[in-house]
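Working notes for the structure below.
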There are 2 protein chains.
Amino acid sequence: MHNRCMIDPRLITLRVFARCGTVGATAELTGFSPSAVSAQLRELQRVLGMQLLTKDGRGVRLTATGRFLVAGSDALIAQWESLRAAALEAGDQVQSNFGLGGFSTAAAQLLAPLAATLRSTRPLLKVQVLEAEPARCFDLLVAERIDLAVVVAMQSDVHSDAHVEDDPRFEQTVLLDDPLDVIIPSDHPLASRETVTLDELASEPWITEAAGSTYHSLFTAAFTAVGATPRIAHEAVEWETLIAFVGAGLGVGLLPRLAPLHGAENVVRMRITGRGKPSRRIVAAVRRGSIASPLIQESLGILQVRADRILTARPDDDR
Amino acid sequence: MHNRCMIDPRLITLRVFARCGTVGATAELTGFSPSAVSAQLRELQRVLGMQLLTKDGRGVRLTATGRFLVAGSDALIAQWESLRAAALEAGDQVQSNFGLGGFSTAAAQLLAPLAATLRSTRPLLKVQVLEAEPARCFDLLVAERIDLAVVVAMQSDVHSDAHVEDDPRFEQTVLLDDPLDVIIPSDHPLASRETVTLDELASEPWITEAAGSTYHSLFTAAFTAVGATPRIAHEAVEWETLIAFVGAGLGVGLLPRLAPLHGAENVVRMRITGRGKPSRRIVAAVRRGSIASPLIQESLGILQVRADRILTARPDDDR
DNA sequence: ATAACAGTGCACAATAGGTGCATGATCGAT
DNA sequence: ATCGATCATGCACCTATTGTGCACTGTTAT
């Protein structure tokens, strides 16, 4: 992953800094120490003869020049990625390092099989998989730590101030729409049903993720679509916890189709039909320009096949 | 000069190699040792996962992929230069290192004053001047050893297979047309004249530079324009030598207006009028994209002023 | 006031990257 | 064929860039 980029790593660091705003966070994201980041940025300014940073309180801030440079660097990076992809394609050759990133379920269900496939078909390719939250995945892409990320598409909701879909730094392709199923206790009156609608569930006590998380906004969006206001009884972070809560009869919850139940007791998984059928859109994101790379193309193909298989494995899926 | 470029220096090395074809020459031009160049190129291939070179006899040759990459890198470099220039301009800041290159007379008459001016107006700017032949100047630009070169424009003659004027790697601006004067012995019948035409000189024994040199082709071009075939009696390399030859009565020669006689004995310098008036076009060349840089702009301005002053210093100039 | 936090300078350490020389391989000349 | 010249490359060694860990300063929040 590191240094296969022809762009000066210090400029990459600057870009990461532009994204997260503090030296410490930049250090964490790039894998350097804060001192190293500080030194890199100082050296960058010296070499370029530009003042890129100013002190701002106890932190530092980009100057106008710095912002300008970062903004312009998008196109530069994209052009390099494009060139590299074209050269690889033209020469029918393959890159030697490949970094993958994705959030938990994606990592397990999509990235792991992809990595396995690549490992067998391209023995000399070094694949590295990183599990990380969607937002962090984009950061890791910018930081050149990974080359491809599987994330849930931001619904360009109230929260996301910037539209990630047309970010000039990334290109995204839809892999699948992962429907959200409902998990209810086995002894619940609705447990024997084949499918259920959101309206029927509106009055149930709900278990969700903490407010502000990606899934929480998905959750509220689904219910506002049908005009209901569900009662949130409990909050969980891990799927495991949510399933356990439901199993204990504390309420019902939404679980992505991709997330496995693996033998959880006292709960049933049920399809949701009708209006406001919730789903999360899972997309693959790469740095702009790199999408033409043969390895990226092959990976996207493998992911697509895998995604389709996951969906068609449940023949009664009504998405 | 070194490493103010955000593009990986190994890619720069590859570009230089693409230009000169051998590791040794690349080493000489970049200032590295041959081992270093070899190691750099090997590392580049490893990092990119591309085979860029193949053995070819006792040397190495670019593969198709390598040529592709080099060709595409032109645009990448240009974009970086452009971005840097724009950022410098936007932030009203100046770069800290500046490399100048030019051939002998240009270096003395144009670059030296420019360097002096910059040194006084920008005390903290490190200026480095390299004297080098025009062809080498372009190489040095590619190698990022210099940022601005003053060269005689290739007349896109028979010799130059590739048109340098529209090379995607460079941008050129005309500084001045340096007329060629004739140097004749003081005791020559024509020595008392104010001006002379090429026709009148056609039958003289001529002293030129070695065949194949830039000036030699200029020389022949001038005479073919008037339909004459001058007799070449002697060849010199340095202007000093040519002047000495003429002073010794061995023949007559052409000397650029820019080249000073400084007190040479037994010779007179004389304007040439009429058809086929020979001159060499002197241009400033920079890497494409960098022309918008404020420092480049200022330098071009200074050079232009200096060039105009040189021409107008001889008020009877009839160019 | 005090604690927590952000960034930076410094001594030290690791390591990337350079040089110089020796080696192997190829071509052109005798 | 043989020899020398030319090129590239591998290796041992070295240097100097670059990263780490820690201490220190300045700033904000409690």
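Treat the numbers as computed from the prediction; the structure is a model and nothing was measured. Letters A, B, ... mirror the listed sequences (proteins, then strands); counts begin at 1.
Between A:Q40 and D:dG19 there is a side-chain N or O to OP1 or OP2 distance below 4.0 Å.
One can place CG of A:L44 at 12 Å from P of D:dT18, the figure rounded to the nearest angstrom. Note: NZ (A:K55) to P (D:dT25) measures 14 Å, nearest angstrom. Between B:E43 atom CD and D:dT9 atom C1' there is a gap of 15 Å when expressed in whole angstrom units. Rounded to a whole Å, the CG atom of A:L14 is 14 Å from the P atom of C:dG7. As rounded to whole Å, 17 Å separates atom C1' of D:dT9 from atom CZ of B:R46. What separates CG of A:L53 from C1' of C:dT8 is a distance of 12 Å, to the nearest Å. Rounded to a whole Å, the CZ atom of B:F32 is 16 Å from the C1' atom of C:dG20. Taking atom CZ of residue B:R42 and atom P of nucleotide C:dG18, one finds them 12 Å apart after rounding to whole Å.
Under the side-chain hydrogen bond (donor to acceptor under 3.5 Å, both in side chains) criterion, B:R42 pairs with no residue at all, not counting sequence neighbours. Take A:R122 and apply the salt bridge (charged side-chain N to carboxylate O under 4.0 Å, His left out) test, not counting sequence neighbours, and it matches A:E298. B:S299 is linked by a side-chain hydrogen bond (donor to acceptor under 3.5 Å, both in side chains) to nothing, counting only residues two or more places apart in sequence or in another chain. In this structure, A:E89 has no salt bridge (charged side-chain N to carboxylate O under 4.0 Å, His left out) partners at least two apart in sequence or on a different chain. For B:A18, the side chain to side chain contact (heavy atoms under 4.5 Å, CB included) test picks out B:L62, B:V70, with sequence neighbours left out. Residues passing the side-chain hydrogen bond (donor to acceptor under 3.5 Å, both in side chains) test with B:R169 are B:D167, sequence neighbours excluded. Every residue two or more places apart in sequence or in another chain was checked for a side-chain hydrogen bond (donor to acceptor under 3.5 Å, both in side chains) with B:Q45, and none qualifies.
For the atom pair CD1 of B:I7 and CG of B:L14, the computed distance is 13.0 Å after rounding to the nearest 0.5 Å. Put simply, CE on B:M6 and CD1 on A:I12 are 10.0 Å apart, with the number rounded to the nearest 0.5 Å.
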Which atoms of nucleotides 23-30 of chain C (N or O only) lie under 3.5 Å from a protein N or O atom, and what are those distances?
none

What N/O pairs connect the protein and nucleotides 21-24 of chain D at under 3.5 Å? Give each pair on its own line.
from: D:dG21; atom 1: O6; to: A:S35; atom 2: OG; distance (Å): 2.9
from: D:dC22; atom 1: N4; to: A:S35; atom 2: OG; distance (Å): 3.4

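No donor-acceptor pair under 3.5 Å is formed between the side chain of B:N97 and the backbone N or O of B:K126.
For residues 47-59 of chain B, the set of pairs meeting the salt bridge (charged side-chain N to carboxylate O under 4.0 Å, His left out) definition, not counting sequence neighbours, comprises B:D56-B:R61.
Taking five base pairs at each end of the helix from C:dA1-D:dT30 to C:dT30-D:dA1, the local helix axes there meet at an angle of 30°, rounded to 10°.
Taking a cutoff of 4.0 Å between a charged side-chain nitrogen and a carboxylate oxygen, B:E144 and B:R15 do not qualify as a salt bridge.
Between A:L88 and B:M50 there is a side-chain heavy-atom pair separated by less than 4.5 Å.
Within residues 22-30 of chain A, no residue places a heavy atom under 4.0 Å from DNA chain D.
With 3.5 Å as the limit, one finds a donor-acceptor pair spanning the side chains of A:Q40 and A:T13.
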